[in-house]
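In this text the structure is predicted, and so the values were computed from the model without any measurement. First the proteins, then the strands, lettered A, B, ... as listed; each starts at 1.
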Amino acid sequence: MALADDFGAKYLNWSDTKILAFQKALLKWYDLEGRRLPWRSDHDPYHIFVSEIMLQQTQVQTVIPYYQNFMTVFPTVLDLAEASETKLLKAWEGLGYYSRVRNMQKAARQIKNEYSGNWPTSAVQLQELTGIGPYTAAAIASIAFGQPVAAIDGNAFRVFARLLKIDLDITKRQSRPVFQTIGDHLISQERPGDFNQAVMDLGTSYLTAKNPEPENSPVREFDESFADGTTLDYPVKTLKAKPVDLYYYALAVQSPAGWLFEQRPAKGMLARLWMFPLIDRADLDDSQPLMSQVATRFKEETGVTAEFREVQMKPVVHTFTHQKWHLEILVAELSSTPDLSLFPGQWLDSTMRAESPLPTVQLKLNRQLFT
DNA sequence: CACTCGTGGCT
DNA sequence: TAGCCAAGAGT
């Protein structure tokens with residue numbers, strides 16, 4: 001059967017017989033060599049959901065311990081819906097892209113309130129839930145509910161681009177429907193979830209981005225870029241911008257009650273996580289004494305009077321996707337504990353610090369100061 | 001649509 | 001090392 005979509009047909013002209021043979025080869029390999037992973041032990045939609053959100057832009061070996069802990073702390077979707085923000089963010093601490101976990105709770109509350117705790121089973125309905133996009137909706141629908149819809153993630157883009165020599169730039173939004181159409185035509189009707197996971201396992205084994213081994217792939221006979229030695233020409237993607245350098249003072253202020261931490265704003269980087277207050281060095285005037293400018297700005301923000309001094313250590317450097325932070329620590333010690341009613345922050349002792357969700361960059365600062 | 005949003009591993 | 005990459009989604 002030819003592809004109804006003309007654009008997909010340009011790249012996929014396999015016969016039904018060939019498609020079935022491809023599915024058979026891929027699934028045979030998956031049954032023998034597929035990875036055993038914690039979230040593959042059953043088809044519980046909540047398990048699939050949590051693992052898929054964690055796996056967004058994140059490697060499997062990073063996710064495994066977070067997944068295990070998350071299932072202990074929030075065993076069911078109702079536990080997730082009812083969790084406190086602190087406990088929720090703490091379970092995600094260090095995993096990055098923190099909006100994922102807040103969106104996950106919104107979705108859990110939608111399941112609870114709009115679906116009476118029962119998961120919708122179609123990809124279209126699943127994609128209505130906050131934080132669930134086309135990939136994750138397809139993954140849950142196929143793995144948990146057996147719906148034959150292709151889950152197009154980075155692996156699927158790379159695998160299909162190489163197998164079929166698809167020269168579309170996968171970073172362009174217009175390319176997704178083409179890959180979706182092709183994946184939907186290739187997917188096994190009998191085992192759609194296993195098919196999707198097999199494509200991903202293939203993309204992390206023989207058809208990796210770097211150092212692929214297409215000659216050892218279980219579907220090498222179906223691999224059109226391997227046939228002419230152009231594997232590394234696919235997929236086509238445009239380059240990312242490099243992170244911008246930003247220079248901050250990180251203010252480490254100690255009172256008898258503990259160290260001063262600021263809860264970051266609800267939007268933007270590291271939203272609602274706790275950090276030392278930062279001062280952008282670009283906002284300071286180099287021709288004036290820096291420490292007195294820092295004290296003035298700190299007083300304006302917090303209402304607290306403090307005298308800062310530099311500490312002899314290398315700046316803490318931390319790279320995000322779009323920013324590279326260079327943090328120089330300034331220390332101040334207070335003999336009493338000022339009130340913080342004007343400032344979204346708290347004095348945290350070591351116990352409270354351990355309970356508060358901190359981004360990795362703050363954990364680096366902690367290591368400098370508290371060890 | 002282009003941009004934002006983290007982190008760790010690898011070369 | 002600096003850059004690239006990894007089971008994306010929201011705006």
Please report, rounded to the nearest Å, how far the [atom2] atom of [N] is from the [atom1] atom of [X].
{"X": "Tyr66(A)", "N": "dG8(B)", "atom1": "OH", "atom2": "P", "value": "7 Å"}
{"X": "Arg102(A)", "N": "dG10(C)", "atom1": "CZ", "atom2": "P", "value": "14 Å"}
{"X": "Ile170(A)", "N": "dC5(C)", "atom1": "CD1", "atom2": "C1'", "value": "11 Å"}
{"X": "Phe160(A)", "N": "dA7(C)", "atom1": "CZ", "atom2": "C1'", "value": "13 Å"}
{"X": "Gln56(A)", "N": "dG8(C)", "atom1": "CD", "atom2": "C1'", "value": "5 Å"}

Does a sphere of radius 6.0 Å around NZ in Lys242(A) hold more than 12 heavy atoms from other residues, nucleotides or ligands, not counting ones at 6.0 Å or beyond? no
Would you indicate whether Glu221(A), at its atom CD, is surrounded by more than 12 heavy atoms from other residues, nucleotides or ligands within a distance under 6.0 Å? no
Is there a side-chain contact between [X] and the phosphate of [N], meaning an N or O under 4.0 Å from OP1 or OP2?
{"X": "Arg158(A)", "N": "dA7(C)", "result": "yes"}
{"X": "Tyr97(A)", "N": "dT4(B)", "result": "no"}
{"X": "Thr136(A)", "N": "dA9(C)", "result": "yes"}
{"X": "Gln59(A)", "N": "dG8(B)", "result": "no"}

Taken in chain and number order and not counting sequence neighbours, the residues that satisfy ring pair (Phe, Tyr, Trp, His ring centres under 6.0 Å) with Trp325(A) are Tyr248(A), Phe320(A)
With [atom1] as the reference atom in both, quote the distance from [N] to [M] in angstrom, rounded to an integer.
{"N": "dT7(B)", "M": "dT11(C)", "atom1": "C1'", "value": "22 Å"}
{"N": "dC5(B)", "M": "dA6(C)", "atom1": "C1'", "value": "15 Å"}
{"N": "dG6(B)", "M": "dT1(C)", "atom1": "P", "value": "25 Å"}
{"N": "dA7(C)", "M": "dT11(B)", "atom1": "P", "value": "16 Å"}

Identify each atom pair where a protein N or O and an N or O of nucleotides 1-3 of chain B are less than 3.5 Å apart, giving names and distance.
{"residue": "dA2(B)", "atom": "N6", "partner": "Arg173(A)", "partner atom": "NH2", "Å": "2.1"}

Please state whether the rings of Tyr206(A) and Trp29(A) are parallel, tilted or perpendicular, taking 30° and 60° as the class boundaries. tilted
Quick one: sort the Phe222(A) and Phe22(A) rings into parallel, tilted or perpendicular, breaks at 30° and 60°. perpendicular
Asp153(A) side-chain proximity, nearest of dA6(C), dT7(B), dG8(C): dG8(C)
Should the side chain of [X] and the base of [N] be counted as holding a donor-acceptor pair, with the cut-off at 3.5 Å?
{"X": "Arg35(A)", "N": "dA7(C)", "value": "yes"}
{"X": "Thr58(A)", "N": "dG6(B)", "value": "yes"}
{"X": "Thr321(A)", "N": "dG6(B)", "value": "yes"}

Find which nucleotide of DNA chain C each of Thr130(A) and Ala241(A) is nearest to by heavy atoms, and output the residue with the more 5' nucleotide. Ala241(A)
Sorted by position of nearest nucleotide on DNA chain C, 5' first, the leading residue of Leu55(A) and Ile132(A) is Leu55(A)
For [Y] together with [X], are the ring centres under 6.0 Å from each other?
{"X": "Tyr30(A)", "Y": "Phe195(A)", "value": "no"}
{"X": "Tyr66(A)", "Y": "Phe70(A)", "value": "no"}
{"X": "Tyr97(A)", "Y": "Trp92(A)", "value": "no"}

Applying a 4.0 Å non-hydrogen cut-off, can you work out what [X] is touching in the nucleic acid: base, sugar-phosphate, or nothing?
{"X": "Leu37(A)", "answer": "base"}
{"X": "Gly203(A)", "answer": "nothing"}
{"X": "Trp39(A)", "answer": "base"}
{"X": "Ala139(A)", "answer": "nothing"}
{"X": "Thr208(A)", "answer": "nothing"}
{"X": "Arg264(A)", "answer": "nothing"}
{"X": "Met269(A)", "answer": "sugar-phosphate"}

Residues within residues 359-368 of chain A bordering DNA chain B, heavy-atom distance below 4.0 Å: Pro359(A), Thr360(A)
Among Val361(A), Leu251(A), Leu365(A), Leu327(A), whose side chain to side chain contact (heavy atoms under 4.5 Å, CB included) with Phe276(A) holds? Leu365(A)
For Arg281(A), is there an ion pair with Glu328(A) - N to carboxylate O distance below 4.0 angstrom? yes
Gln125(A)-Ser122(A) side chain donor-acceptor pair, cut-off 3.5 Å: yes
In terms of the nearest nucleotide of DNA chain B, which residue is placed more toward the 5' end: Gln61(A) or Arg100(A)? Arg100(A)
